[in-house]
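Written below as structure tokens is the structure these notes are about.
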Amino acid sequence: MRCSASICLGLVVLSTWIALTGCEGDGADRPGFIVQNAVDPRCTPIGGAYPSGLDQLPGDPDVAVVMRFDTPAGLLAYDIGVSPPRLLTPGALPPFPADSDGDGVDDALRHRQLGLCPSFNPECVTYPDPGSAHAAANDLVLVTTSDYEQVLFYEPMTGRLRSLSVANPLAQDAHDPDDWPFLPAGGTQALRTAVSSRTCAYPPVPIDSLGDAIVPDPLCDPTRSGYLTRFTAASLVADGWLFVATSNLRSASRARFQPGTVLVYALDTGAAPPSVAPDTEVPVVFTTGFNPTGLTLHRNASGRALVLVTLTGPITAGGDLLGAGAVDVIDVLSAELVATIPLGDRAAPSFGPMAIDPSGQIALLGAESHRQLYAIDLRPLDDPALYAASEKPVVLDGGTPGFPDARIFDAVTPLTLPDRPGGPPRALCAPRTNVAIDPAGELGYATDWCDGSIHVLALDLNGASEQPLDPTRIQVTGRIDALYPKNPDLFGLMTAPSMVRTTPPTPLVDPDRPDIFFVANEPESQLCSLRVAP
């Protein structure tokens with residue numbers, strides 16, 4: 001049972017500025033390797049470092065699924081209605097198969113057969129690097145992978161891959177089956193454990209993020225400027241459609257990106273087995289900016305389904321920001337890009353989905369390489385004129401006649417999170433934040449990768465009529481020092497929180513039920529839960 005916002009916030013301000021228990025470790029058993037000597041009472045091990053994805057089952061949000069990144073990679077399920085979270089996956093993780101998509105050919109061999117081995121890797125030593133996790137249904141979790149580009153189909157409660165019918169339609173409308181080299185032959189279908197996200201994309205403006213022209217790809221149509229999509233970042237199911245974001249990184253050393261893409265598939269989860277195939281009318285949507293990294297479902301006031309696409313902009317491996325961030329809006333019904341909300345130069349919203357309040361008024365976004373948050377007003381998306389506009393996408397920055405500014409916090413005026421005393425300087429740790437909103441829409445929680453803290457926000461959304469929302473309605477009111485800061489003298493202690501989520505409401509009074517759960521990434525990943533309310 002939740003307390004009122006005023007009581008919760010008062011107690012947060014007075015009593016949660018303390019450091020909660022961490023775990024020490026040493027390298028006595030294996031020199032140079034940090035091990036934990038004690039189990040944190042709030043946390044349950046995941047294994048390895050840096051889990052790549054986290055989500056909750058739509059029909060049972062007390063069950064969270066976590067994609068473990070390290071070998072053995074695999075999907076784990078946890079009960080997050082208790083503290084510490086309880087592992088639900090029975091037995092050991094099944095081995096990750098060499099033929100991850102179930103097409104009958106090992107992944108590396110399939111790359112060689114298609115001539116996709118780069119010069120620096122002529123044998124095509126490849127591995128499907130796990131990415132985001134999206135619980136599409138109680139019996140289907142979608143996990144993106146890069147290197148071997150695809151979306152895997154998982155059974156959440158067993159951690160095993162499952163098969164769907166994957167089709168590649170005959171040439172029609174905007175679909176060319178030859179543009180999808182990893183799918184079955186055109187006009188056929190086959191049972192697969194993944195659907196490929198590697199397709200030929202032909203952008204209307206063939207310019208990459210460094211301003212250079214895009215030439216025809218030898219594996220695509222030789223008469224059109226294009227490229228094969230890569231770096232699959234996120235997936236989302238909405239109203240019978242599967243949307244998949246690909247970041248299309250071309251050169252990591254130069255942070256060069258091809259135009260961002262969102263792939264569109266028809267998905268029938270009611271079929272036996274469920275089926276998936278590229279949409280023939282609109283197989284690819286090009287984003288307004290570079291590096292799409294997150295997809296979030298939003299339904300406006302009339303129930304219209306929209307996909308909110310997070311554009312992080314070009315970013316180096318070290319966290320240097322080289323471009324502009326934004327949020328694009330795709331109308332699910334038409335698969336059309338209807339609006340964009342620019343966040344400004346070097347805004348770089350964080351990877352993954354954004355947090356939307358239960359009333360659907362605002363969305364909060366974390367930040368890559370900044371100790372700050374961004375926010376957008378979602379109410380402009382309720383306007384029917386947006387979908388009837390003659391020129392799309394409509395830019396919702398206040399400069400388009402007839403349409404308001406949808407920016408609450410952006411690169412120019414971000415919501416800055418205060419430093420934790422004694423936390424690491426920027427030179428030692430590139431900041432990163434993730435954010436969640438509680439089911440009542442009154443509190444927000446923002447993790448700080450470097451500080452090890454979780455900031456508490458107060459949200460005042462009742463009776464708001466101004467557009468965009470007055471920024472003073474979102475305030476930082478407290479800080480929970482949940483983990484240790486990433487300081488060199490604290491090396492080996494639990495730190496680096498991310499991917500925060502809130503537990504669902506319950507009518508039962510349970511003083512031990514946690515309010516939030518999150519991933520502790522270092523030195524060994526764990527899923528942790530925490531009660532904020534008294």
Side-chain angles (χ1 to χ4, degrees), residues 101 116 128 131-134 136 142-153 164 166-169 171-184 186 189 192 194-204 214 217 219-221 224 226-250 257-269 274-297 305-311 328-337 351 353:
D101 60 0
L116 291 173
S132 65
H134 169 54
L142 306 177
V143 174
T144 62
T145 73
S146 292
D147 195 9
Y148 199 80
E149 309 291 336
Q150 62 190 354
V151 178
L152 292 166
F153 311 136
L164 271 65
V166 176
N168 189 2
Q172 55 184 297
D173 301 322
H175 173 73
D176 183 346
D178 293 338
D179 284 343
W180 300 81
F182 287 86
L183 291 187
Q189 60 186 25
R192 297 280 177 88
V195 63
S196 175
S197 53
R198 193 124 199 196
T199 186
C200 293
Y202 308 100
I214 296 170
D217 190 300
L219 296 174
C220 300
D221 186 338
R224 305 170 66 186
Y227 53 90
L228 278 167
T229 53
R230 61 195 302 257
F231 273 79
T232 309
S235 65
L236 178 70
V237 171
D239 293 357
W241 300 97
L242 167 63
F243 296 85
V244 179
T246 60
S247 295
N248 305 324
L249 176 66
R250 181 178 177 183
F257 288 81
Q258 310 276 29
T261 49
V262 177
L263 313 183
V264 186
Y265 305 77
L267 176 65
D268 185 356
T269 56
S275 62
V276 61
D279 182 29
T280 58
E281 294 185 10
V282 187
V284 180
V285 177
F286 291 94
T287 58
T288 63
F290 295 98
N291 197 15
T293 58
L295 300 175
T296 306
L297 177 62
L306 305 170
V307 176
L308 307 182
V309 186
T310 303
L311 303 178
D328 280 355
V329 182
I330 297 175
D331 177 31
V332 170
L333 184 63
S334 63
E336 184 179 23
L337 186 60
F351 303 156

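Quick note: residue numbers are just sequence positions, from 1. What you see below is based on every heavy atom in this structure, not just the backbone, and it leaves out hydrogens, waters and symmetry mates. Note that the structure is a prediction, hence the values are computed from the model and not measured.
- Residues forming a side chain to side chain donor-acceptor pair (under 3.5 Å) with S196 (at least two apart in sequence, or on another chain): none.
- Y202 is linked by a ring pair (Phe, Tyr, Trp, His ring centres under 6.0 Å) to nothing, counting only residues two or more places apart in sequence or in another chain.
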Under 3.5 Å, side-chain donor or acceptor atoms of residues 235-242 against the rest of the protein: list the pairs with distances, not counting sequence neighbours.
| from | atom 1 | to | atom 2 | distance (Å) |
| --- | --- | --- | --- | --- |
| D239 | OD1 | R299 | NH2 | 2.6 |
| D239 | OD2 | R299 | NH1 | 3.3 |

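- With sequence neighbours excluded, the residues satisfying side chain to side chain contact (heavy atoms under 4.5 Å, CB included) with L219 are L116, D217, L228.
- A 4.5 Å side-chain heavy-atom check between P283 and T199 finds every atom pair outside the cut-off.
- In this view, D279 satisfies the side chain to side chain donor-acceptor pair (under 3.5 Å) rule with no residue, not counting sequence neighbours.
- With contacts defined as side-chain heavy-atom distances shorter than 4.5 Å, the pair Q189/S275 does not qualify.
- In this structure S146 satisfies the side chain to side chain contact (heavy atoms under 4.5 Å, CB included) test together with E149, F231, T232, sequence neighbours excluded.
- For the salt bridge (Lys or Arg N to Asp or Glu O under 4.0 Å) test, no residue two or more places apart in sequence or in another chain qualifies with D176.
- F351 pairs by the ring pair (Phe, Tyr, Trp, His ring centres under 6.0 Å) definition with nothing, not counting sequence neighbours.
- By the side chain to side chain contact (heavy atoms under 4.5 Å, CB included) test, P278 pairs with P169, H175, W180, L183, Y265, sequence neighbours left out.
- Scored by the side chain to side chain donor-acceptor pair (under 3.5 Å) test, R230 finds no partners at all (sequence neighbours excluded).
- Residues satisfying the side chain to side chain contact (heavy atoms under 4.5 Å, CB included) test with T261, not counting sequence neighbours, are A201, Y227, T229, T246, N248, L263, V284, F286.
- By the side chain to side chain donor-acceptor pair (under 3.5 Å) test, D101 pairs with Y148, sequence neighbours left out.
- For the side chain to side chain contact (heavy atoms under 4.5 Å, CB included) with V329, the lone residue among L306, V309, T288, L337 that qualifies is L306.
- Under the 3.5 Å distance criterion, the side-chain polar atoms of T144 are matched with a main-chain donor or acceptor of S132.
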